[in-house]
Q: 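One structure follows; several queries about it will come next.
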Amino acid sequence: YPHARTEHERMIRKLLSRWTDGPVAAGLLLAFGCALAFAPDPFLFMIARAFLWQWALCALVIGAFAFFTRRWWSGAAAVLVAVLLAFPPQRTVQAEVTDRGEALVRVAQMNVFQPNDDHDEVIAAAIATNADVISFQEVSPIWASVLQQGLAARYPYHRLVARNNCYGIALFSRLPFLRVDVLPLQRRSMLCAEVATPAGPVRLLSVHATSPGSYGHYKERNAQLEELASVVNAS
């Protein structure tokens, strides 16, 4: 019986060794890294991708430990994963834009970050854009007052929808508004404005979709984007 138990323990150690020091472990590490880098954007992968540099650091730690314990396959795979996650492939599709002459409206988009109290710095950054219209996100009542005091003289046309939940929005414009509507977007609000230009009205939408920090918010964000697409297509 002791001999059988020893053989059984030896088999278990051998099996664990295959999983931690061989092609199997290396393959699992590489599969994980490739999934993070190349997989589509379902909720879990999207959330995981928000922490790519942390994953890369973890992979480096795993690689260092693997090399220290002479697990060469695992170490090499972990280093490859770290490099892949530190320099992930570009996922943004750049639309081809044709230059058709001078721009009618120069637009800037800024997220003030609601807890931020560097009010003067944000106002200076907004003015430095030299934009005709500036869209702001995370506008709380405090930020609404700051923006009005700092920008109203340069941007006399403005509309604000202040919220304490990080989803307040605002538009400030040097060009006259022909109209500004506050439209519902699921549980959020968006601003739909028509700005007067020498060539005629230009329509602008100011939107802050739900941050997909949970699966419920992820579904809500997707529904908002689909609704927004319908609004744009109908325009």
Side-chain angles (χ1 to χ4, degrees), residues 46-47 49-51 92 102-235:
M46 184 201 66
I47 292 296
R49 251 185 226 113
F51 305 95
T92 302
E102 186 177 353
L104 292 176
V105 181
R106 181 179 175 87
V107 181
Q109 158 66 21
M110 299 181 66
N111 187 319
V112 300
F113 183 53
Q114 185 168 302
N116 177 21
D117 58 3
D118 293 330
H119 300 156
D120 293 339
E121 182 179 353
V122 171
I123 296 300
I127 294 172
T129 65
N130 195 32
D132 297 309
V133 183
I134 308 178
S135 169
F136 292 95
Q137 295 181 354
E138 297 201 20
V139 179
S140 64
I142 293 176
W143 268 108
S145 177
V146 168
L147 294 174
Q148 284 182 311
Q149 292 177 13
L151 297 176
R154 290 179 173 85
Y155 294 87
Y157 308 97
H158 42 268
R159 181 67 182 271
L160 301 95
V161 181
R163 298 283 188 269
N164 281 316
N165 61 355
C166 291
Y167 288 97
I169 52 178
L171 277 175
F172 281 75
S173 177
R174 292 193 295 216
L175 303 173
F177 287 144
L178 299 177
R179 61 179 297 177
V180 184
D181 296 320
V182 180
L183 303 178
L185 188 68
Q186 301 292 315
R187 294 188 303 118
R188 312 301 178 197
S189 299
M190 66 176 177
L191 290 174
C192 180
E194 287 188 0
V195 180
T197 75
V202 172
R203 183 168 297 164
L204 299 174
L205 297 176
S206 179
V207 179
H208 187 185
T210 298
S211 298
S214 67
Y215 185 62
H217 287 169
Y218 168 77
K219 293 196 298 182
E220 181 179 44
R221 191 280 309 266
N222 292 349
Q224 289 170 337
L225 296 181
E226 292 175 359
E227 184 176 334
L228 182 60
S230 299
V231 172
V232 173
N233 287 333
S235 174

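None of the values given here were measured: they were computed from a predicted structure. Side chains included, hydrogens not; waters and symmetry mates left out as well; all remaining heavy atoms used.
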Q: Which value, rounded to the nearest 0.5 Å, describes the distance between T210 atom OG1 and K219 atom NZ?
A: 13.0 Å
Q: Evaluate the side-chain proximity of P141 to N164: yes if any heavy-atom separation is below 4.5 Å, no if none is.
A: yes
Q: If you define the side chain from C-beta out and look only at heavy atoms, does anything of Q186 sit under 4.5 Å from R221?
A: no
Q: Going through the distances and angles, do E227 and M190 end up as a side-chain contact (heavy atoms from CB on, under 4.5 Å)?
A: CA-CA 11 Å; E227 184 176 334; M190 66 176 177; 5.8 Å; no
Q: Is the count of non-hydrogen atoms from other residues, nucleotides or ligands lying under 6.0 Å from D120 atom CG greater than 12?
A: no
Q: With heavy-atom distances below 4.5 Å as the criterion, would you say the side chains of I123 and L147 are in contact?
A: yes
Q: Would you check, one step at a time, whether the test side-chain contact (heavy atoms from CB on, under 4.5 Å) holds for R203 with R179?
A: CA-CA 9 Å; R203 183 168 297 164; R179 61 179 297 177; 6.0 Å; no
Q: Any side-chain to backbone donor/acceptor pair from E138 onto Q114? Under 3.5 Å, distance only.
A: yes
Q: Go through the steps for R159 and V182 under the test side-chain contact (heavy atoms from CB on, under 4.5 Å), then give the verdict.
A: CA-CA 9 Å; R159 181 67 182 271; V182 180; 3.4 Å; yes
Q: For a 4.5 angstrom cut-off between non-hydrogen side-chain atoms, does V195 reach Y157?
A: no
Q: Taking the side chain as everything from C-beta on, heavy atoms only, tell me whether L160 gets closer than 4.5 Å to Q148.
A: yes
Q: Working to the nearest 0.5 Å, report the span between NE2 of H217 and CG of N222.
A: 13.0 Å
Q: Whether the side chain of H208 engages the backbone of C166 through a donor-acceptor N/O pair (distance < 3.5 Å, no angle test) should be reported.
A: yes
Q: Hey, what do you get for NE2 (H158) to CG (L151), rounding to the nearest 0.5 Å?
A: 9.5 Å
Q: Closest heavy-atom contact between V180 and A193?
A: CG2-CB, 4.0 Å
Q: Looking only at non-hydrogen atoms, find the nearest pair between C192 and L183 and report the distance.
A: CB-CD1, 3.8 Å
Q: Rounded at 0.5 Å granularity, tell me how far OH in Y167 sits from CG in L185.
A: 11.0 Å
Q: Do you know which two heavy atoms are closest between W143 and D118, and how far apart they sit?
A: CH2-O, 4.3 Å
Q: Between E220 and R187, what is the shortest heavy-atom contact and its length?
A: OE2-NE, 2.6 Å
Q: Between atom OH of Y155 and atom CD1 of I127, what is the distance when rounded to the nearest 0.5 Å?
A: 7.5 Å
Q: Does the distance from a Lys or Arg side-chain N to an Asp or Glu carboxylate O, for R174 and D132, drop under 4.0 Å?
A: yes
Q: For N111 and Q137, which heavy atoms make the closest approach, and how far apart are they?
A: ND2-OE1, 3.4 Å
Q: Step by step, would you call R163 with R188 a side-chain contact (heavy atoms from CB on, under 4.5 Å)?
A: CA-CA 10 Å; R163 298 283 188 269; R188 312 301 178 197; over 6 Å; no
Q: Taking atom CD1 of I142 as the centre, does the number of heavy atoms from other residues, nucleotides or ligands within less than 6.0 Å exceed 12?
A: no
Q: Could you check if a side-chain atom of V133 sits within less than 4.5 angstrom of a side-chain atom of L171, using non-hydrogen atoms only?
A: yes
Q: For P212 and I47, which heavy atoms make the closest approach, and how far apart are they?
A: O-CD1, 3.2 Å
Q: Which value, rounded to the nearest 0.5 Å, describes the distance between L205 atom CG and L228 atom CG?
A: 6.0 Å
